[in-house]
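A short write-up of the structure that comes next.
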Amino acid sequence: MTTLALFGGPPIRTRAFQAWPQSDQAELGALAGVLASRRWGGVHSGSQGEAFERALGEYLDVPHMAVVSSGTAGLMIALRALSVQAGDEVVVPAMTYVATATAVSVLGGVPVFADIDAATHTIDPSSVEAAISEKTKAIIAVHLGGHPADMDRLGLIAEERGVPIIEDCAQSLGATWKGAHTGSLGRVGVFSFANTKNISAGEGGAVVTQDGELAARIASLRDHGRPLGVTGHHPELGWNLRLSEFQSAILGVQLERLDCQLAAKTKGAAFLTSVLSSVPGLRPVPANLDPRVTRHGRFSLAFTIDAEAFSNISTSSFRSALRAEGIPVGLRDLIACPDEPIYADGAAQDYAHSRTVSCTRARAACTRLALFGQAAGSGMLLEDPSELADVVRAVEKVHDNCGQLREAEYQRATTRVPSDS
């Protein structure tokens, strides 16, 4: 038996993997150009924001877009642009980052939680159908981890029920469904450019659409409710949710690297998926499960852990042990959205109403998932297989010595804290 690094043994890896986000002199040059221009913000002709919007639109093959301050801001704008109001219901997946739901709540809407597909972890169309009511005003399809949701079935449901789809593409920039980019498949697409995303400016987002009339409203809502190009006329209540010129300049550089980085991450993920699949109890979320996914967005690499094969240790212990071995893996415990305090706490119900149709598969996935890659703040998937071999060695080490983790969990559970009396 080898001693795990968590308990004092030597770690498998002592040098860091590649960092995320990536940057080089190109970003520094872009930032210096904005600094010298003295035009650091606002929405204006010839701006860095306009240039990035044009480049992103060409990449996605979508004619209209507006850069905004964050992906969450983009969801709020998209919902308001589609006339979601207080009391309206919006169907969202039960497993996603909580902002997908809170964007509905801050507008006074009611997120209705639908369950996920057990294999892909994206929203289950059958659960969406069960969630729709006469109050439903939109469906938010989250392309979780870079894997597109089933846009064919969701599209049919949306068409039959007359309900628009908002695509939450925070983790899926570069992913394609039957050859078309995520973000171009619903009524509105929303992207995030936060620190862990496929391109990053620390924060930022974009709202994209094929609909010119809707695009005009989106552009107005991000800029105090004034029409694009107008400075003194405010016909609608809006926000200041603009993106700075510094961020837009960085994103223009980042976008140029996207396809090359996706190719590298796809290679790294394929290697880890193939090799780690042989470890008993470790099941990857596959990229090639559905042939309609013509390119995975490869935000992260997710594995489901079978507790029995790992001596019934907690997923938290598994992740902690891997991190001690020098392997970056998401450390945060995942929580299904209906179980977040904002929705689960009865005291919060006066300002955060929600409805749950089903959450069984989402809750199960949250307890057994381990996330590698950008979800852990690492560029690990960019590495060659020769470097990623350390990940394999570390996982095998944890599996072979998980009895140590089980014993530690038992000791913690049975150790009593002395009282003050």
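We use all heavy atoms of the structure for the numbers below, so side chains are in, but hydrogens, waters and symmetry mates are not. What you see is a predicted model, and the numbers here were worked out from it, not measured in a lab.
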Would a 4.5 Å heavy-atom cut-off, applied to side chains only, mark [X] and [Y] as touching?
{"X": "Gln48", "Y": "Leu243", "answer": "no"}
{"X": "Ser378", "Y": "Gln18", "answer": "no"}
{"X": "Thr294", "Y": "Arg292", "answer": "no"}
{"X": "Leu272", "Y": "Val392", "answer": "yes"}
{"X": "Thr122", "Y": "Asp150", "answer": "no"}
{"X": "Val128", "Y": "Ile123", "answer": "yes"}
{"X": "Gln171", "Y": "Leu144", "answer": "yes"}
{"X": "Ile166", "Y": "Val190", "answer": "yes"}

Exercise. Between Val207, Val208, Asp211, which is the residue that forms a side chain to side chain contact (heavy atoms under 4.5 Å, CB included) with Ile218?
Worked result: Val207
Exercise. Considering the options Ser358, Ser127, Pro93, Pro338, which one meets the side chain to side chain contact (heavy atoms under 4.5 Å, CB included) requirement together with Phe113?
Worked result: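 The side chain to side chain contact (heavy atoms under 4.5 Å, CB included) with Phe113 is passed solely by Pro338 among Ser358, Ser127, Pro93, Pro338.
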Problem set entry | Residues Glu134, Arg161: salt bridge by 4.0 Å N-O rule | no
Problem set entry | is_close_aromatic(His147, His121), centroid dist under 6.0 Å | no
Problem set entry | Proximity of Phe372 and Phe17 rings by center, below 6.0 Å | no
No-hydrogen, no-angle side-chain donor-acceptor test under 3.5 Å, [X] and [Y]:
{"X": "Ser314", "Y": "Ser317", "result": "yes"}
{"X": "His64", "Y": "Gln210", "result": "no"}
{"X": "Thr356", "Y": "Tyr343", "result": "no"}
{"X": "Gln374", "Y": "Asn198", "result": "yes"}
{"X": "Glu129", "Y": "Ser126", "result": "no"}

Tell me whether [X] contacts the main-chain N or O of [Y] through its side chain, where contact means a donor paired with an acceptor under 3.5 Å.
{"X": "Arg283", "Y": "Ser277", "answer": "no"}
{"X": "Lys265", "Y": "Arg298", "answer": "yes"}
{"X": "Glu167", "Y": "Arg187", "answer": "no"}

For this session: Step by step, work out the side-chain contact (heavy atoms from CB on, under 4.5 Å) result for Ile342 and Ser105.
Result: CA-CA 10 Å; Ile342 189 70; Ser105 297; over 6 Å; no
Problem set entry | Whether Tyr59 and His181 hold their rings parallel, tilted or perpendicular, with breakpoints at 30° and 60° |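 Tyr59 and His181: tilted rings.
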Problem set entry | Candidate pair Ser133 and Glu89, rule side-chain contact (heavy atoms from CB on, under 4.5 Å), full reasoning | CA-CA 8 Å; Ser133 74; Glu89 293 186 347; 2.8 Å; yes
For this session: Go through the steps to decide whether Glu325 and Lys397 satisfy the test salt bridge (Lys or Arg N to Asp or Glu O under 4.0 Å), and finish with yes or no.
Result: CA-CA 9 Å; Glu325 298 296 340; Lys397 180 181 177 182; 3.0 Å; yes
